[in-house]
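One structure is given here, and the rest of the page talks about it.
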Amino acid sequence: MPIPNDDLNREWVDASNNNPDFVKSYRPCLIALIAFDRNHYPHIVGSGFIIGTNSEFSVALTAKHVLTFAAGQQRPVRHAPSALFKPENSEHPSIKESEFRANWMGTDSSDMLIIKHLGFNNELDIACGLLEPQKTLRRVLSLKVYY
């Protein structure tokens, strides 16, 4: 899928079951982003990559459209697509611990990463997040750094 408005004509790489060897090679730095709806049901909304980590936090990249999809799961749209006014938070996910988490694919643990901060660029369709491990996961993350 082409990256919108990219002068270099780059594309997002399909890291899915269609490319199992590719996914396996990147598994140590992959995360799944999970949004919880109003009934607290989890929905996998996309993936991302951990690009740096220490025992306190990790930095991860994902696509901005993943955040838009997460916001849609957390707060179903209550206005017509043609509405003149759209609430500012309609495309921004809540990062409350009870509503948005990440799961690190590089571990056998089911502990979730807590999303503490998100930043994004709409035109480049890219987002960056600051993730904090649960206390039980801190010792595992401090052993490895991926770039």
Side-chain angles (χ1 to χ4, degrees), residues 1-5 11-144 146:
M1 172 163 132
I3 298 173
N5 305 317
E11 296 187 7
W12 290 110
V13 176
D14 180 20
S16 69
N17 289 334
N18 296 330
N19 299 303
D21 292 335
F22 179 75
V23 172
K24 185 177 179 182
S25 70
Y26 282 94
R27 184 165 297 282
C29 62
L30 278 175
I31 58 170
L33 293 162
I34 300 168
F36 294 87
D37 64 22
R38 290 185 174 158
N39 296 317
H40 306 292
Y41 293 119
H43 301 272
I44 295 177
V45 293
S47 61
F49 296 90
I50 292 177
I51 59 170
T53 188
N54 64 25
S55 62
E56 299 299 318
F57 63 89
S58 299
V59 177
L61 292 178
T62 189
K64 196 301 183 159
H65 68 261
V66 169
L67 304 184
T68 302
F69 188 60
Q73 293 295 322
Q74 294 170 341
R75 294 180 293 278
V77 177
R78 293 177 180 238
H79 57 271
S82 61
L84 295 176
F85 170 75
K86 286 168 98 175
E88 187 176 325
N89 70 355
S90 67
E91 293 188 353
H92 305 302
S94 167
I95 60 170
K96 286 194 257 181
E97 291 182 21
S98 60
E99 296 183 15
F100 201 33
R101 291 281 185 106
N103 192 325
W104 181 35
M105 301 299 177
T107 181
D108 293 333
S109 169
S110 62
D111 288 346
M112 304 293 278
L113 298 168
I114 300 164
I115 300 170
K116 290 293 188 180
H117 178 74
L118 290 171
F120 54 86
N121 182 297
N122 282 320
E123 291 180 17
L124 297 178
D125 192 28
I126 194 163
C128 182
L130 192 61
L131 313 178
E132 181 180 278
Q134 293 180 179
K135 292 182 194 270
T136 57
L137 191 56
R138 286 182 197 271
R139 59 183 166 66
V140 177
L141 281 177
S142 66
L143 298 176
K144 300 177 182 178
Y146 301 101

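Computed over heavy atoms, backbone and side chain alike; hydrogens, waters and symmetry mates excluded. One is the number of the first residue; the rest follow in order along the sequence.
Enclosure of atom NE2 in His117 is not indicated, since only 12 or fewer non-hydrogen atoms of other residues, nucleotides or ligands lie within 6.0 angstrom. In this structure, Leu124 places its CG atom where more than 12 heavy-atom neighbours from other residues, nucleotides or ligands lie under 6.0 Å away.
Each of Val59, Leu118, Leu113 was compared with Leu131 under the side-chain contact (heavy atoms from CB on, under 4.5 Å) criterion, and only Leu113 meets it.
You'll find the side chain of Ile114 reaches within 4.5 Å of the side chain of Arg101, heavy atoms only. For the pair Leu33/Ile115, a side-chain contact is recorded, criterion being any heavy-atom separation below 4.5 Å from C-beta on.
Residues satisfying the side chain to side chain contact (heavy atoms under 4.5 Å, CB included) criterion with Ala70, sequence neighbours excluded, are Ala35, Val45, Pro93, Phe100. For Asp21, there are no side chain to side chain contact (heavy atoms under 4.5 Å, CB included) partners two or more places apart in sequence or in a different chain.
For the pair Trp104 (side chain) and Ala32 (backbone), a donor-acceptor distance under 3.5 Å is absent. Between the side chain of Asn54 and the main chain of Glu56, a donor-acceptor pair closer than 3.5 Å is present.
Taking all atoms of both residues into account, the shortest heavy-atom contact from Val66 to Gly46 is CG1-CA, 3.9 Å. Across Ile50 and Thr53, no two heavy atoms sit closer than the pair CG2-CB, 4.3 Å. Minimum interatomic distance between Phe57 and Pro133 (heavy atoms only, all atoms of both residues): CA-CD, 4.2 Å.
The CG atom of Leu67 lies 6.5 Å from the OG1 atom of Thr62; values are rounded to the nearest 0.5 Å. To the nearest 0.5 Å, the span separating CZ on Phe49 from CD1 on Ile31 amounts to 9.5 Å.
There is a side-chain donor-acceptor pair under 3.5 Å between Asn122 and Lys64.
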